[in-house]
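Quick notes on the structure that follows.
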Amino acid sequence: MSKKPSIPKGTRDFNAEEVAKRSYIMETIKEQFQLYGFQPIETPSFENSETLMGKYGDEGDRLIFKILNSGEYLKKISDEDYNSKSESSITPKISEKALRYDLTVPFARYVVQHQNEIEFPFKRYQIQPVWRADRPQKGRFREFYQCDADVVGSKSLFQEVEFVQLYDAVFTALKLEGVTIKINNRKILSGIAEVIGAQDKLIDFTVALDKLDKIGEEKVKEEMRSKGIPEDGIAKLQPLFSLSGDFGDQVESLESILSTSEIGKTGIEELEFINSAISKLKLKTAKLQLDVTLARGLNYYTGAIFEVSAPEGVKMGSIGGGGRYDDLTGIFGLKDMSGVGISFGLDRIYLVLEELNLFPDTITEATKVLFISFGEEEAMASIQAVSKLRESNIKAEIYPDAVASGKQMKKQMTYANRRNIPFVVLVGEEELKSNTYSLKKMATGEQQKLEFRDLLKALE
RNA sequence: GUGGUUGUAGCUCAGCUGGUUAGAGCGUCGGUUUGUGGUACCGAAAGUCGCCGGUUCGAACCCGGUCUUCCACCCCA
């Protein structure tokens, strides 16, 4: 045996069934995106490095796949840089392009670049792969698909409301019931940080808070202390750790904490607006839940923050996320362009649907009938029949190699069986003479000789 | 980037404290069955034990490195 070929870690091949299942998810999402008025765009797999670098924090920069320059790139490096062995100074000189890390930043770039051709508010969706140089683990790959829908150019909170509805619509259409749409607001987090005297430590504070359900109250407090958050501030957080009840109850507790923070109060108002709209509009199968510990994407989110988690009992990271970013295009020079968007994690949704057995049986449509090949003359007759069946939209094929003996007959039957082809047609010497077709139903083994008209009827 | 885990036939995995020619099930191929698959029986082929190096009289097994798998942390879809 020669050297085994392989694919890079964190990447996958997909067989016919997997492709069918993946496209089922994509089509379902696409359909809902279009129903909500989003237009598709696509952007290149790789961007100029400067478009991506620095947009996702230090951690993000580390996870961006960089593309090596072509040509004699080493000759352009000065001896000083070369000997320094410093990645940060050499990397930009030998790599000017990088693989797309998410769809949001390329979208922001797109909006700025095409601002004169775009009607605002601009609603677009985008379904494309992204790449991250991460270590793979459960539900985490180095190449995976994101399905994003965003609106730029509207500050209306009704956008947030519609996105909650959109999440609900997609997961309902996928029959994935009972997902939780968690919502939070950056302004509330800022408000809390302000109240406890940690405005400058917002990220440290929220990163610690985000771990609450994972490591528990004490460990979270410990981490906050270690980051230099004052003890009396941590004490003020106490009501946060025991938040309970419905949306309204939780908001009440928050109000008591945030009474002295203007920004915090704004955050609460926004949350309440979204919640009351949603409770009037009603969700079909999803739940909307306030989660003050939710703190993702803080590098650019400024208002609402969303995250969707799989139904209870399924061990999987978030299957979707999103939020409001008031100034994303600002980085590229277009000010005052508020955006809000959500993302679906195709690969994770796939794993969840698989685990819960929610894929419809009908999505893997294969060949319906296989014609057994006997010889040249028979094959010719078979191909004529196959062509006619195809004209009637019946998936039909003929085994490419002729039967020379019973062994090959067996081989062809086995082939039909393996591929789950439900019907086999035999056209041999006898059938040729009588101008008939022997149709065999594989599941039961029953077989009958039919004229073409009846064959067509039986297969329709 | 940190810590752990995995790698033996096409696939799933056994393989004792290091000891002759490395095993099973499934699959593949052939036969019982020359116009009939899915069930039965008989037989056969198939492995540089992930790769490189070390220890040893002797390594699938012990040690080091490296790649890979999966998991956790960080972060994230």
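Naming: A, B, ... by sequence-line order, numbering from 1 per chain.
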For A:Arg225, is there an ion pair with A:Glu222 - N to carboxylate O distance below 4.0 angstrom? no
Does this structure show an ion pair linking A:Glu430 with A:Lys449, if we count only N-O contacts that are shorter than 4.0 Å? yes
Between [options], spot the one nearest the side chain of [X], thanks.
| X | options | result |
| --- | --- | --- |
| A:Asn417 | B:G37, B:A77, B:C73 | B:G37 |
| A:Val207 | B:C75, B:G37, B:A77 | B:C75 |
| A:Gln146 | B:C74, B:G35, B:A77 | B:A77 |

Got a sec? Which of residues 38-60 of chain A come in under 4.0 Å of RNA chain B, heavy atoms? A:Glu59
So if I take residues 431-450 of chain A and measure heavy-atom distances to RNA chain B, which residues fall below 4.0 Å?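 Residues of residues 431-450 of chain A that come under 4.0 Å of RNA chain B are, in numerical order, A:Glu431, A:Lys440, A:Met442, A:Ala443, A:Gly445, A:Gln447.
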Are the ring of A:Tyr415 and the base ring of B:G37 both nearer than 5.5 Å at their centres and tilted by less than 30°? no
Toss me the dot-bracket line for RNA chain B: Watson-Crick and G-U wobble, both under 3.5 Å, 5' to 3', using | for pairs to another strand and [ ] for crossers. ((((..(..((((.....[...)))).(((((.......))))).....(((((..]....))))))..))))....
What is the separation between atom NZ on A:Lys9 and atom C1' on B:C67, rounded to the nearest whole Å? 8 Å
Rounded to whole angstrom units, what separation is found between the CZ atom of A:Phe65 and the P atom of B:C76? 17 Å
Provide the distance between the two [atom1] atoms, one in [N] and one in [M], to the nearest whole Å.
| N | M | atom1 | result |
| --- | --- | --- | --- |
| B:G15 | B:G50 | P | 15 Å |
| B:C13 | B:G35 | P | 41 Å |
| B:G10 | B:A45 | C1' | 12 Å |
| B:U68 | B:U34 | C1' | 49 Å |
| B:A60 | B:A22 | P | 10 Å |
| B:U12 | B:U39 | C1' | 23 Å |

Look at the side chain of A:Arg140 against the base of B:C71 and say whether a donor-acceptor pair falls under 3.5 Å; ignore hydrogens and angles. no
Looking across every strand, which nucleic acid part, if any, lies under 4.0 Å from [X] by heavy atom: base, sugar-phosphate, or nothing?
| X | value |
| --- | --- |
| A:Phe344 | nothing |
| A:Gly428 | base |
| A:Leu426 | base |

If you count heavy atoms of other groups shown closer than 6.0 angstrom to CZ of A:Phe14, is the number above 12? yes
Does anything in residues 26-54 of chain A pair up under salt bridge (charged side-chain N to carboxylate O under 4.0 Å, His left out), and if so which pairs, sequence neighbours excluded?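 Non-adjacent pairs meeting salt bridge (charged side-chain N to carboxylate O under 4.0 Å, His left out): A:Glu27-A:Lys30, A:Glu47-A:Arg109.
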Hey, which of these two, A:Thr11 or A:Glu429, hits RNA chain B nearer its 5' end, going by closest nucleotide? A:Glu429
List in chain and number order the residues that pass salt bridge (charged side-chain N to carboxylate O under 4.0 Å, His left out) with A:Glu143, two or more places apart in sequence or in another chain; answer none if no residue qualifies.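 By the salt bridge (charged side-chain N to carboxylate O under 4.0 Å, His left out) rule, A:Glu143 matches no residue at all.
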Measure from the side-chain N and O atoms of A:Asp168 to the backbone N and O of A:Lys284, and report whether any donor-acceptor pair falls under 3.5 Å.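 Checking the backbone N and O of A:Lys284 against the side chain of A:Asp168, a donor-acceptor pair under 3.5 Å is found.
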Could you list the protein-to-nucleotides 2-7 of chain B atom pairs, N/O on both sides, closer than 3.5 Å?
from, atom 1, to, atom 2, distance (Å)
B:U2, O4, A:Arg135, NE, 3.4
B:U2, O4, A:Arg135, NH1, 2.9
B:G3, O6, A:Arg135, NH1, 3.3

